[in-house]
Amino acid sequence: MNPNIVSTLIIFSALFVSACNRDFVFDDYKTIPQIGWHKDSITTFNIPKLDTTKTYNLFINARNNNKYAFSNLFLITKMEYPNGKHQIDTLEYEMAHPNGEWIGTGGHVIENKLWYKQHFPFQEKGQYTIQIGHAMRRNGNENGIEFLKGITDIGFRIEEAK
């Protein structure tokens with residue numbers, strides 16, 4: 001078979017497969033340093049301009065390994081709108097079942113797709129920004145955990161609502 005035809009078929013197949021698997025409009029991850037996620041470290045995502053007539057489902061993706069010593073995860077998010085206003089949320093997510101088994105999927109690294117907002121309209125034109133920080137504390141201690149170990153990556157995903 002002609003090598004040019006084979007190359008064209010391979011490229012076309014790769015493009016077709018990637019187009020079929022693209023059910024998101026934004027998906028990005030930031031790696032957390034191995035020392036741990038510092039209590040004052042904020043992970044920031046700049047959202048691309050989206051269709052203002054559609055609604056979207058927003059997710060926070062968290063990857064953890066077995067060094068993560070908790071069954072839940074507290075996060076503080078800040079969404080900054082193009083007009084300068086912002087919305088702050090304190091969120092709690094279960095990361096493990098009562099028996100200690102991880103809720104997410106994976107092997108050595110567990111992937112968790114956590115709901116953030118459902119059917120959210122990006123009605124204002126311009127740059128939206130999402131900031132995510134952890135708010136983990138030990139019982140009886142008001143100071144946050146300085147370096148939260150076991151969270152390897154934090155991500156943000158946007159899917160068109162159906």
Side-chain angles (χ1 to χ4, degrees), residues 14 16-51 54-81 85-123 127-162:
F16 180 75
V17 168
S18 67
C20 291
N21 290 331
R22 190 176 166 102
D23 60 347
F24 60 89
V25 295
F26 179 81
D27 194 26
D28 191 19
Y29 281 86
K30 308 290 173 133
T31 300
I32 303 299
Q34 283 188 336
I35 192 171
W37 192 1
H38 192 272
K39 68 179 184 173
D40 297 328
S41 179
I42 304 298
T43 304
T44 302
F45 298 94
N46 294 317
I47 307 305
K49 293 178 182 168
L50 299 171
D51 187 335
K54 296 181 179 180
T55 61
Y56 299 89
N57 294 327
L58 313 181
F59 300 91
I60 296 171
N61 293 328
R63 293 179 180 150
N64 68 283
N65 59 30
N66 285 330
K67 292 181 182 175
Y68 191 70
F70 303 94
S71 63
N72 64 350
L73 176 63
F74 282 94
L75 300 174
I76 296 177
T77 62
K78 180 180 181 182
M79 179 183 286
E80 294 183 353
Y81 292 72
K85 75 176 182 177
H86 63 271
Q87 179 180 4
I88 297 174
D89 292 301
T90 302
L91 309 165
E92 179 183 12
Y93 298 102
E94 288 186 39
M95 302 291 281
H97 295 287
N99 67 1
E101 181 182 336
W102 295 117
I103 291 175
T105 59
H108 175 68
V109 175
I110 307 300
E111 177 89 23
N112 296 278
K113 185 177 178 184
L114 311 169
W115 275 101
Y116 175 52
K117 294 187 181 292
Q118 190 172 15
H119 295 284
F120 183 82
F122 288 93
Q123 294 176 329
Q127 181 69 60
Y128 285 79
T129 303
I130 304 294
Q131 298 176 350
I132 304 170
H134 84 80
M136 294 297 290
R137 314 258 183 278
R138 296 201 187 277
N139 283 340
N141 187 344
E142 64 187 50
N143 297 323
I145 295 172
E146 187 170 10
F147 288 98
L148 182 62
K149 296 186 184 310
I151 299 294
T152 61
D153 303 275
I154 290 294
F156 194 76
R157 182 178 177 104
I158 301 174
E159 298 176 2
E160 191 174 319
K162 297 184 174 138

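Hydrogens, waters and symmetry mates play no part in the numbers below; they use all other heavy atoms, side chains included. Owing to the predicted nature of the structure, the values given are computational and were not obtained by experimental measurement. For reference, positions follow the sequence shown, starting with 1.
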Would a line drawn from the ring center of Phe156 to the ring center of Phe59 be shorter than 6.0 Å? no

What do you reckon, are the aromatic ring centroids of Phe26 and Phe24 less than 6.0 Å apart? no

With sequence neighbours left out, write down each residue that passes ring pair (Phe, Tyr, Trp, His ring centres under 6.0 Å) with His86, or none if nothing qualifies. none

Residue pairs, two or more places apart or on separate chains, that pass side-chain hydrogen bond (donor to acceptor under 3.5 Å, both in side chains) and touch residues 91-115: Tyr29-Glu111, Arg63-Glu111, Asn64-Asn112, Asn66-Trp102, Asn72-Glu92, Lys113-Glu159

Which pairs pass side-chain hydrogen bond (donor to acceptor under 3.5 Å, both in side chains) with one or both residues in residues 140-154, sequence neighbours excluded? Thr31-Asp153

Who passes side-chain hydrogen bond (donor to acceptor under 3.5 Å, both in side chains) against [X], sequence neighbours left out?
X	result
Asp28	none
Lys78	Glu80
Thr77	Tyr116

Listed by chain and number, what are the side-chain contact (heavy atoms from CB on, under 4.5 Å) partners of [X], not counting sequence neighbours?
X	value
Lys85	Tyr81, Asn83, Glu124
Thr44	Ile42, Asn46, Thr129, Gln131
Ala161	Thr55, Asn57, His119

Verify side-chain contact (heavy atoms from CB on, under 4.5 Å) between Arg137 and Ile145, making sure each step is shown before the conclusion. CA-CA 5 Å; Arg137 314 258 183 278; Ile145 295 172; 5.7 Å; no

Considering residues at least two apart in sequence or located in another chain, which fulfil the salt bridge (Lys or Arg N to Asp or Glu O under 4.0 Å) criterion with Lys39? none

Using side-chain heavy atoms (C-beta onward) and a distance below 4.5 Å, is His38 in contact with His134? no

Kindly indicate whether the side chain of Leu91, heavy atoms from C-beta on, has any atom under 4.5 Å from the side chain of Leu73. no

